[in-house]
Amino acid sequence: MQSSYGGVLGLSQKSGGTQNTGLLPLTVKQISEAAQNSSDDTFYIDGIDVNNVTILGMVHNKEERSTDVSFLLDDGTGRVEVKRWIDGQDTFENEQIAALQDGVYVRVHGHLRSFQGKRNIVAFSVRPVTDFNEVTYHFLECIFVHLHNSKANGMAVKGPSISSPNYGNPVGGGAPSQYVTPNMTGVGGSMDECQKRVHSVFEEPSSLSSEVGLHIDDVARRIPGFTKKQVKDAIEFLVNEGLIYSTIDDDHYKSTNG
Amino acid sequence: MDTSNPAPFVNAELLKRYPGRRVRCVLKVVRAEGNSSLSGLTSDGLHISVKQVPSVASLSQFVEVIGVVDSDRTLRAEICTNFGDTFDMSSFNQLVQMANSEYQSLFI
């Protein structure tokens, strides 16, 4: 299971990838090192699509023009250009922009863009910092989110490599010689605990050597903590996966690995 | 976009790691000395002195000094920013420690 930390605005999951519709707090250094998709010029950091970003730093070289205002934001890890388009009619916007002076600490929310090879931020909010604990908070959040996202994607990468290529092959339960271990953890988390345990019972040498395999009751007895219904459901699942097959009657099953 | 001249977060203990380099440090102002120096307490509880402070008189209780490390206990200020009178030094100190050790790659 993959999860992405999308900040306050929430998460969304897309099958096969991590889609981020939330907000990423970043340092300018992280922005400068973000990877870029060659096909569509979108960025990604720690395996997450970079969409909305928030950065915090000091304003330098503010330039006000008729259609936009731009400045360099220095957060101690680097400087990045920030641009904010001006509406002209929006008084809230005008107040925000008037508050911007060189040397002022601001919190920026915006999109990460690339123009002529240089990365910049197109901001939709630039707010002066009033409580400077926000500075400490922002950088701690950058560390936290980075750690969270790296861990989540680190685990997802390890998962699929454990599963065997033969796993999903249900063709008459034929002997899958490459299938070495009954290790279930890789395949999209579809095997629950009961199914794993039931299957491992069928994989035991004593079970494999028995011609008729095991009776459902035998299996249930060996794994306390599960109801007979759960065991039956697990067995049905394993049959559908081609891992076990029924032998002398509907109550006896044996691993296809024998 | 320019990451060639970062100014790492430091406390007193870390000053000696960046001699002659530009750093940023939040201090609790203890005493103003003359009209361009001050003595302050770092986030790890040690005293350092800062020279070439612009407008010493109008500083709040907590000040961020961005400047060059002159010695293990002195900074030569370039920019001083008032960080107000309520600032959590212990959280800041932990940030400084993390930003200079395991998570250094995010910063410098």
Side-chain angles (χ1 to χ4, degrees), chain A residues 24-34 43 45-46 55-61 72-82 101-106 112-121 128-147 149-150, chain B residues 1-11 14 18 21-29 42-44 54-55 58-68 77-108:
Chain A
L24 270 182
L26 297 172
T27 65
V28 172
K29 173 112 200 295
Q30 282 178 290
I31 290 173
S32 73
E33 294 182 335
F43 295 90
I45 293 179
D46 298 334
I55 55 180
L56 189 153
M58 196 184 280
V59 173
H60 287 289
N61 301 5
L72 282 178
L73 185 126
D74 185 338
D75 72 347
T77 73
R79 293 182 164 206
V80 68
E81 188 180 306
V82 177
Q101 299 297 330
D102 281 2
V104 165
Y105 265 93
V106 294
L112 179 57
R113 294 264 185 275
S114 187
F115 181 64
Q116 295 177 340
K118 259 178 34 171
R119 294 173 185 192
N120 56 66
I121 307 275
V129 170
T130 48
D131 181 337
F132 288 88
N133 287 305
E134 191 174 356
V135 177
T136 311
Y137 172 75
H138 170 69
F139 291 106
L140 287 174
E141 203 189 21
C142 291
I143 292 175
F144 172 72
V145 170
H146 163 73
L147 198 57
N149 289 336
S150 328
Chain B
M1 155 129 285
D2 173 18
T3 50
S4 59
N5 197 16
F9 288 110
V10 298
N11 51 21
L14 285 161
Y18 302 104
R21 290 262 321 258
R22 202 158 152 269
V23 298
R24 35 184 23 202
C25 184
V26 179
L27 299 174
K28 182 162 184 211
V29 179
T42 58
S43 56
D44 52 348
S55 62
S58 59
L59 295 177
S60 57
Q61 205 174 71
F62 293 95
V63 167
E64 185 199 45
V65 177
I66 301 178
V68 176
E78 286 175 7
I79 305 175
C80 291
T81 311
N82 280 341
F83 262 33
D85 294 333
T86 50
F87 184 77
D88 186 344
M89 281 297 232
S90 64
S91 304
F92 181 74
N93 199 46
Q94 295 198 307
L95 169 64
V96 167
Q97 287 169 336
M98 287 194 280
N100 283 288
S101 55
E102 332 157 57
Y103 303 103
Q104 203 171 30
S105 59
L106 300 184
F107 294 87
I108 53 176

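Just so we're on the same page: letters track the sequence lines, and every chain starts at 1.
- Here Leu140(A) is the residue among Leu140(A), Asn120(A), Leu73(A), Asp74(A) with the most heavy-atom pairs under 4.5 Å with chain B.
- Listed for the Arg79(A) side chain is no donor-acceptor partner under 3.5 Å among the backbone atoms of Asn5(B).
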Next on the checklist: As a quick check of understanding, evaluate side-chain contact (heavy atoms from CB on, under 4.5 Å) for Val135(A) and Leu95(B), giving each step before the final call.
Outcome noted: CA-CA 10 Å; Val135(A) 177; Leu95(B) 169 64; 6.0 Å; no
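- Side-chain contact between Glu33(A) and Thr3(B) is absent, with no heavy atoms from C-beta onward closer than 4.5 Å.
- Taking OG1 from Thr136(A) and CZ from Phe9(B), the interatomic distance works out to 7.5 Å, rounded to the nearest 0.5 Å.
- No donor-acceptor distance shorter than 3.5 angstrom exists from the side chain of Lys29(A) to the backbone of Phe107(B), with no hydrogens or angles considered.
- Atom CG in Asp46(A) sits 8.0 Å away from atom CG in Leu106(B) (nearest 0.5 Å).
- Looking at Asp131(A), the atoms closer than 4.5 Å to chain B (heavy atoms on both sides) all sit in the side chain, from C-beta outward.
- Only the side chain of Glu64(B) comes within less than 4.5 Å of a heavy atom in chain A; its backbone stays farther off.
- Contact of Leu147(A) with chain B is made through the side chain alone, with heavy-atom distances under 4.5 Å.
- Rounded to the nearest 0.5 Å, atoms CG (Asp75(A)) and CZ (Arg24(B)) are 7.0 Å apart.
- Residues passing the side chain to side chain contact (heavy atoms under 4.5 Å, CB included) test with Glu78(B), sequence neighbours excluded: Arg22(B), Val68(B).
- A search for ring pair (Phe, Tyr, Trp, His ring centres under 6.0 Å) contacts involving Phe83(B) returns Tyr105(A), Phe132(A), Phe87(B), not counting sequence neighbours.
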